[in-house]
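One structure is given here, and the rest of the page talks about it.
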Amino acid sequence: MKQKANKKRGFVGLISAIAFIVIGMGVQLETGSILLSLILYLIGGTILAFWLSIRISTKRESSFFEANKGEIEIVKNEEERRIAEFIDSENIVGILHIDYENRKWYSVNTTSKFGRNIVFDFESIVDVELIEDEETVTTSKSNSTFVGAAQGTFGGGIASSRGQAVSKQAVSRLEVLVHLIDTPKTVLAAPNGSGLLYFGNLDKIRITFIGKQILTSSDVYRKTRRDAENLFNKFKEIAANKTGDEFNVNT
């Protein structure tokens, strides 16, 4: 379905590119305006480059699926089974969904090429990090937990990975990084934007809460930081490999 949509967009792009180039030639011949014709050539060339990138990406994707057809079908069916059997017991800050009965979880920001959420086992979590501006605030292997996270009892100061107090006026990045092992095989778009596909097992997922500079004195930062801490706490709880009865389930 996506391949057909890409082909359609690519065809429209090709026609548009040709149109701009032809108009540019016409303008140059009729008016002698080199500047205007150059602008039209530039627009046409940009659209043409975009069309070529879609063409190459679609071809690569088709070749990939053809070469791995049998194994990909197995992975696709397994993904469908795991999400169909998932019992949504708890939802943390709209991101983490947990199935306590089957000891599984998924994050809404981690989907496969087939458009399904990838379901992981509790045991797949090796470690979890709360990272602020490339500094590890804490990990699931440490003894610290954000006890006041639900009430927001924290300030702009954080403890860095070196254990030093760091006072910041602004933060540019806040994320939770989950390290994984023994995850189900999946198909994803390669993160480098090459148009290639990744077929294999994930060893980490990155959940970004802040991606641009924001003042630590703002209400937006305090709420976002609180959500990140709540998510970290729950991942840490899962990583501890507790049984379902021992989990602190929000009701």
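Quick note: residue numbers are just sequence positions, from 1.
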Straight-line distance of I131 CD1 to L177 CG, nearest 0.5 Å: 4.5 Å
Qualifying residue, where the test is side-chain contact (heavy atoms from CB on, under 4.5 Å) with D227 and the options are V93, V176, I92: V93
Any donor-acceptor N/O pair, T224 side chain to V220 backbone, under 3.5 Å: yes
N-O pairing of E78 and R81 below 4.0 Å: yes
R103 and E123 ion-paired at < 4.0 Å: yes
Pairwise side-chain contact, T216 with V171, heavy-atom cut-off 4.5 Å (strictly under): yes
T208 (side chain) donor-acceptor with I210 (main chain) under 3.5 angstrom: no
T111 side chain near I118 side chain, heavy-atom distance below 4.5 Å: no
Pairwise distance CD1(I214) to OH(Y221) - rounded to 0.5 angstrom: 9.0 Å
Residue pair T136 / E129, side-chain donor-acceptor N/O under 3.5 Å: yes
Ring geometry between F122 and Y100 (parallel below 30°, tilted from 30 to 60°, perpendicular above 60°): perpendicular
For N201 against T183, the heavy-atom pair lying closest together: ND2-O, 2.6 Å
Gap between atom NZ of K212 and atom OG of S172 - 0.5 Å precision: 11.5 Å
Within one Ile-Leu-Val-Met-Phe-Trp-Tyr cluster: V187 and I74, side-chain cutoff 4.5 Å: no
For I238 against I125, the heavy-atom pair lying closest together: CG2-CD1, 3.6 Å
Gap separating the NZ atom of K204 from the OG1 atom of T110, nearest 0.5 angstrom: 12.5 Å
Within 45° cone and under 6.0 Å: K104 NZ/CZ vs F120 ring: no
Verify same cluster id: V126, L130 (apolar side-chain graph, 4.5 Å): no
Validation row: V128, T139 side chains within 4.5 angstrom (heavy atoms): no
Sub-4.5 Å side-chain heavy-atom contact between H179 and D203: no
Distance (rounded to the nearest 0.5 Å) between E175 CD and I207 CD1: 10.0 Å
SB check E80 R116 (cutoff 4.0 Å): yes
Heavy-atom check, side chain of Y106 versus side chain of I98, under 4.5 Å: no
Joint cluster assignment, L202 & I181, ILVMFWY side-chain distance < 4.5 Å: no
Residue pair H97, E90: steps toward the side chain to side chain contact (heavy atoms under 4.5 Å, CB included) verdict: CA-CA 6 Å; H97 290 254; E90 188 177 17; over 6 Å; no
Neighbour count >12 (heavy atoms, 6.0 Å) for atom CG, D88: yes
Non-hydrogen side-chain atoms of L231 and F209 separated by less than 4.5 Å: yes
Exercise: identify the closest heavy-atom pair between T186 and V75: CA-CG1, 3.9 Å
Atom of A228, atom of L174 and distance for their closest heavy-atom approach: CB-CD2, 3.9 Å
Exercise: do D99 and N102 side chains pair donor with acceptor under 3.5 Å: yes
E237 bridged to K234 by N-O distance under 4.0 Å: yes
Nearest heavy-atom neighbours spanning A170 and D133: O-OD2, 3.9 Å
Gap separating the NZ atom of K168 from the OG atom of S217, nearest 0.5 angstrom: 14.5 Å
Contact summary for I205 and S107, nearest pair of heavy atoms: CD1-CB, 4.0 Å
Pair R82 + D121: basic N to acidic O under 4.0 Å: yes
Donor on one side chain, acceptor on other, S140 and D127, under 3.5 Å: yes
Chi angles and distances behind the side chain to side chain contact (heavy atoms under 4.5 Å, CB included) call for I72, F114: CA-CA 10 Å; I72 285 177; F114 311 116; 3.6 Å; yes
Aromatic centroids of W105 and F86 separated by under 6.0 Å: no
Sub-4.5 Å side-chain heavy-atom contact between R225 and E132: yes
